[in-house]
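Worksheet for the structure shown next.
All values below come from the heavy atoms of this structure, side chains included, with hydrogens, waters and symmetry mates left out. Not measured: the values here are computed from a predicted model.
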Amino acid sequence: MVLKLHGSPMSTCTRRVAVVLKEKNVPYELVKVDLMKDEQKSAAFMANQPFGQVPYIVEEDGFQLFESRAIGRYIALKYAGQGNDVIPSPADLKRTALFEQAASIELTNFDPFASGLAFEKVFKPNKKLGQTEERVVSALLQQLNVKMDAYEAMLSKSKYLAGDDVTLADLFHLTYGSMLCSIGIDVLESPKRPNVVRWWKDLTSRPSWQAVKDGA
């Protein structure tokens with residue numbers, strides 16, 4: 001039995017985990033959850049993930065874990081000896097501190113705005129949750145552009161957000177970032193931010209992302 005990843009193939013959070021599994025060369029079986037049928041809200045699913053969200057993992061010994069970023073960290077630490085190093089050794093205090101700083105940046109300065117834009121422009125109309133509110137889109141985009149200017153400043157000094165080695169903090173941007181690009185929001189591809197463009201091109205060309213970008 002291999003690790004089981006319970007999620008939806010195109011779910012942003014499911015693919016966030018799948019990227020890390022690919023980086024660490026960890027084989028997995030995708031147990032598909034049909035979000036269109038609200039299978040994630042079923043009693044059977046919520047017995048394992050009480051918030052009714054994808055994904056969660058189940059290991060061979062029965063250990064379970066949910067929340068995509070927590071799963072990513074767990075996989076990176078458990079399989080530290082294989083695949084690509086995407087998290088610093090806990091023994092290296094300064095590199096770990098820089099990683100935690102970068103991880104916090106993704107969580108607080110990127111995700112709320114990127115996921116908010118995805119909700120307004122993609123999820124809301126697709127799930128018939130109402131009309132896209134252009135006022136909200138404009139406000140989110142204005143704030144995200146300010147954040148990306150800060151990214152440009154950081155990435156002018158290092159190859160990745162936590163230094164010159166790629167980490168989970170960088171990889172965690174891939175799913176929502178690619179969604180923004182697909183709907184014509186160019187905050188990651190604007191020529192006025194050459195270092196962000198360079199960083200984004202590097203991330204999206206990684207074999208791990210190429211393997212899961214069209215489905216976990």
Side-chain angles (χ1 to χ4, degrees), residues 1-108 111 115 160-163 165-178 203 206-216:
M1 172 184 164
V2 297
L3 179 150
K4 291 187 177 182
L5 174 61
H6 292 252
S8 174
M10 288 306 296
S11 149
T12 52
C13 294
T14 301
R15 285 181 296 146
R16 182 180 288 139
V17 171
V19 166
V20 181
L21 291 166
K22 292 291 185 181
E23 288 279 345
K24 300 306 294 179
N25 295 330
V26 178
Y28 67 92
E29 174 191 345
L30 178 66
V31 180
K32 293 182 180 179
V33 179
D34 192 335
L35 303 184
M36 298 305 292
K37 294 181 179 178
D38 281 338
E39 288 181 355
Q40 78 279 14
K41 302 298 183 183
S42 69
F45 187 92
M46 293 182 70
N48 299 292
Q49 214 291 9
F51 295 96
Q53 301 165 344
V54 293
Y56 71 90
I57 62 168
V58 182
E59 292 193 296
E60 294 182 16
D61 63 0
F63 177 70
Q64 297 188 29
L65 189 66
F66 59 84
E67 287 297 324
S68 61
R69 292 175 182 81
I71 296 170
R73 288 170 183 255
Y74 172 72
I75 295 299
L77 289 169
K78 179 173 181 177
Y79 297 96
Q82 69 184 57
N84 299 316
D85 291 331
V86 291
I87 195 169
S89 165
D92 191 330
L93 186 60
K94 290 183 179 178
R95 284 189 66 215
T96 296
L98 289 172
F99 163 71
E100 292 295 351
Q101 173 181 266
S104 180
I105 288 168
E106 185 273 331
L107 185 63
T108 62
D111 185 82
S115 62
Y160 300 101
L161 290 176
D165 298 308
V166 69
T167 69
L168 295 176
D170 303 291
L171 299 175
F172 286 167
H173 290 76
L174 279 164
T175 51
Y176 275 116
S178 65
L203 293 179
R206 293 181 75 82
S208 61
W209 176 243
Q210 290 300 309
V212 306
K213 66 184 180 69
D214 296 319

What's the shortest heavy-atom distance between [X] and [Y], and which atoms?
{"X": "Lys22", "Y": "Ser208", "answer": "CB-CB, 3.7 Å"}
{"X": "Ser11", "Y": "Leu35", "answer": "CB-CD1, 4.5 Å"}
{"X": "Ala169", "Y": "Phe99", "answer": "N-CE1, 3.8 Å"}

- Item | Polar contact flag, side-chain donor to acceptor under 3.5 angstrom, Tyr56-Asn48 | yes
- Task: Answer yes or no: is there an ion pair linking Lys32 with Glu39, defined by an N-O contact shorter than 4.0 Å?
- Result: no
Distance, nearest 0.5 Å, that separates [atom1] of [X] from [atom2] of [Y]:
{"X": "Leu3", "Y": "Leu21", "atom1": "CG", "atom2": "CG", "answer": "6.0 Å"}
{"X": "Lys78", "Y": "Leu65", "atom1": "NZ", "atom2": "CG", "answer": "11.0 Å"}
{"X": "Lys24", "Y": "Ile87", "atom1": "NZ", "atom2": "CD1", "answer": "9.0 Å"}
{"X": "Asn84", "Y": "Thr167", "atom1": "CG", "atom2": "OG1", "answer": "12.5 Å"}
{"X": "Gln64", "Y": "Ile71", "atom1": "CD", "atom2": "CD1", "answer": "10.5 Å"}
{"X": "Leu168", "Y": "Leu77", "atom1": "CG", "atom2": "CG", "answer": "8.0 Å"}

- Should Trp209 and Thr175 count as side-chain neighbours, where that means a heavy-atom distance under 4.5 Å? yes
[X] (side chain) donor-acceptor with [Y] (main chain) under 3.5 angstrom:
{"X": "Ser68", "Y": "Thr14", "result": "no"}
{"X": "Lys41", "Y": "Gly52", "result": "yes"}
{"X": "Gln82", "Y": "Asn25", "result": "yes"}
{"X": "Arg15", "Y": "Ala216", "result": "no"}
{"X": "Glu59", "Y": "Gly62", "result": "no"}

- Message: If you count heavy atoms of other groups shown closer than 6.0 angstrom to CZ of Phe63, is the number above 12?
- Response: yes
- The salt bridge (charged side-chain N to carboxylate O under 4.0 Å, His left out) partners of Glu67 (sequence neighbours excluded) come to none
- Query: Partners of Arg69 by salt bridge (charged side-chain N to carboxylate O under 4.0 Å, His left out), sequence neighbours excluded?
  - Reply: Glu106, Asp111
